[in-house]
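Structure first, commentary second.
Numbers here simply count residues along the sequence, with the first being 1. Ligands are counted one by one from 1 in listed order, and the atoms in each one are counted from 1 as well.
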Amino acid sequence: MKFNELNISQEILDAVGELGFSEMTEIQQQSIPLIMQGVDVVGRSNTGTGKTAAFGIPAVESITDNDRKSPAVIILCPTRELAVQACGELQKFAKYKKSVKTCAVYGGASMEKQIAELKRGANIIIGTPGRVLDHIRRRTLKLENIRMVILDEADEMLNMGFREDIESILSNVPEKRQTILFSATMPPDILAITEKYQREPVQVKIKSAQKTVELIDQFFFFVPMGRKTDALKLLLSAYSPESAMVFCNTKKMVDELTEELQKSGIHASGLHGDMKQAQRTQVMNSFKLHNTAVLIATDVAARGIDVSGIDVVFNYDLPQDNEYYIHRIGRTGRAGLKGTAYTLITSRRQQYDLKDIARYTKAEITELPLPDRNDVIKAKKNAVIQKITGMTAGHDAYDIIDTLAGEGIDSREIAARLISSGLQKEIDSLPEFEMPRPLKKGKRSGAKTVKIDLNIGRSRRIAPNFILGALVDATGMSGQDFGKIDIYESHTTVEVPESEYDYIIDSTNPMKINGHKVEVKLYKGSSSKEKAPEKHFTARGKSKSGRHNNAVRPSGFSQKRNTKHRRG
Ligand code: ADP
Ligand code: MG
């Protein structure tokens, strides 16, 4: 069924057409008409099946000129990335519908900016449950005219400990409303929400085909800063793919990397939007015919590339967007064939971004050590042995050997020279890594640490594991990454790896602990009046006083949520 068979406005049809959508996906076919009739829907389908449009199109369609003053639709998403992304999609659907004003609200970003946007008459609010509730409590998000609440990735939101926030939101919006819930799985928790907050919900369930990404083995490598090109050379040499795609985020990087690989004798070509069409066609043809082994491209240039038999995709740069990751790695593993995708990571921050991608794609991305140069050399030698074992020689070859023998070069020397001509050059150009692991060292290996300062202390009846829990929650780092926690009367210091300091400050401002808004700054030393801290605590579960491990967590801050972050 096509979108134009739906009873929706021309404005939306035009916008959807521009996005290149014509056939609806299954979940869209089944849920859009129901949602437009006002039915409460429970939709179940996997990632990548087009759920955003399934609820986004009816949401956008429902907005009228009467909604210029107040919010009419709330969409809840588990993470800020997903909220931003859903907001972007909805804006595209609403391109020609001027009455629609979307607003994304999520934690860790300026409250003031969001308030200003809400005041300007946003009518579709897309946000994470915590921040949406925050706006509701401050009355900066008015609920009187809410007609529709949509829970996207409901199971993921519950996994992340948003249950109370969601229930608070649902019990505050007017009862006369439509409640839509999408989830990949239907655990009892979700059914409970459905029962409590939906009216005669209709289930829509799509059994999805195996997604292509499931056929792709996904790995990542930690690479020291500034050595990604060397790492790529080593990997290309180690795996000798017949056909590989390498993705960079910029055209400039494509050009530089192409030149660099060509210099090392690798058959590589670049592809990006600044190249002339004829040149691009030539590059593509050569790649399709396997004359070019390595194609280096930007996301835009590679859109829609459908070459069979690509065995490996490398993410030289981490993609800027979850969807890009799927598009990129989807270049391999096509038509039911197995493929492999490797991503190069150079910082802790990138590791978290990749984790987010893994969560979004529901894929497992496993860390691998960079191959050892000596192992690669050994493998190369074996390959030569295999190759020669399987070869036969012609008469002309013996003629040449006889001639050379006459000049005093014996057969052993001839063979050695021939083997070296290909192999030695390749071996000599192999980069070497000392396998430094700066990123994982943390405090455990004595990496440099600094202290951060939180303006909350004993006077707020705070326990160390509240602090640790909040830090783990906000950063996605593991509890073991944080060092000693000292709680003073009105502030607390926490030892953190210096290399992560920026990231931690970035991701914790603002932060809430036990209902109090907390500011996090660099600790600049104690004032002389300050009393010694009462509580010492280290993060590895060994409280020095042994008293705090079982401290009660504040409500709304579940253990589950933290465990989840630590693992995933
Ligand atoms: P989900 O939320 O189910 O994971 P998304 O809504 O993010 O899936 O959609 C996945 C991708 O499919 C997006 O890139 C989206 O633009 C695209 N898409 C969605 N619906 C259609 C359609 N009917 N035709 C073509 N592409 C679509
Ligand atoms: Mg989605």
Looking at ligand 1, does any of its N/O atoms fall within less than 3.5 Å of an N/O of [X]?
X	value
Glu23	yes
Lys51	yes
Ser22	no
Phe21	no

Sequence neighbours excluded, every pair satisfying ring pair (Phe, Tyr, Trp, His ring centres under 6.0 Å) that has a member inside residues 169-197: Phe55-Phe182
is_close_aromatic(Phe247, Tyr324), centroid dist under 6.0 Å: no
Interfacing atoms of ligand 1 (cut-off 4.0 Å, heavy-atom, Thr52): 2 (O), 5 (P), 6 (O), 7 (O)
Atom indices of ligand 1 within 4.0 angstrom of Phe3 heavy atoms, with elements: 23 (N)
Pair listing, side-chain hydrogen bond (donor to acceptor under 3.5 Å, both in side chains) test, anchored in residues 115-129, at least two apart: none
salt_bridge(Asp502, Arg349) N-O dist < 4.0 Å: no
salt_bridge(Arg137, Asp134) N-O dist < 4.0 Å: no
Short side-chain donor-acceptor distance under 3.5 Å, Tyr106 and Thr79: no
Ligand 1 contact by Glu89, heavy-atom criterion under 4.0 angstrom: yes
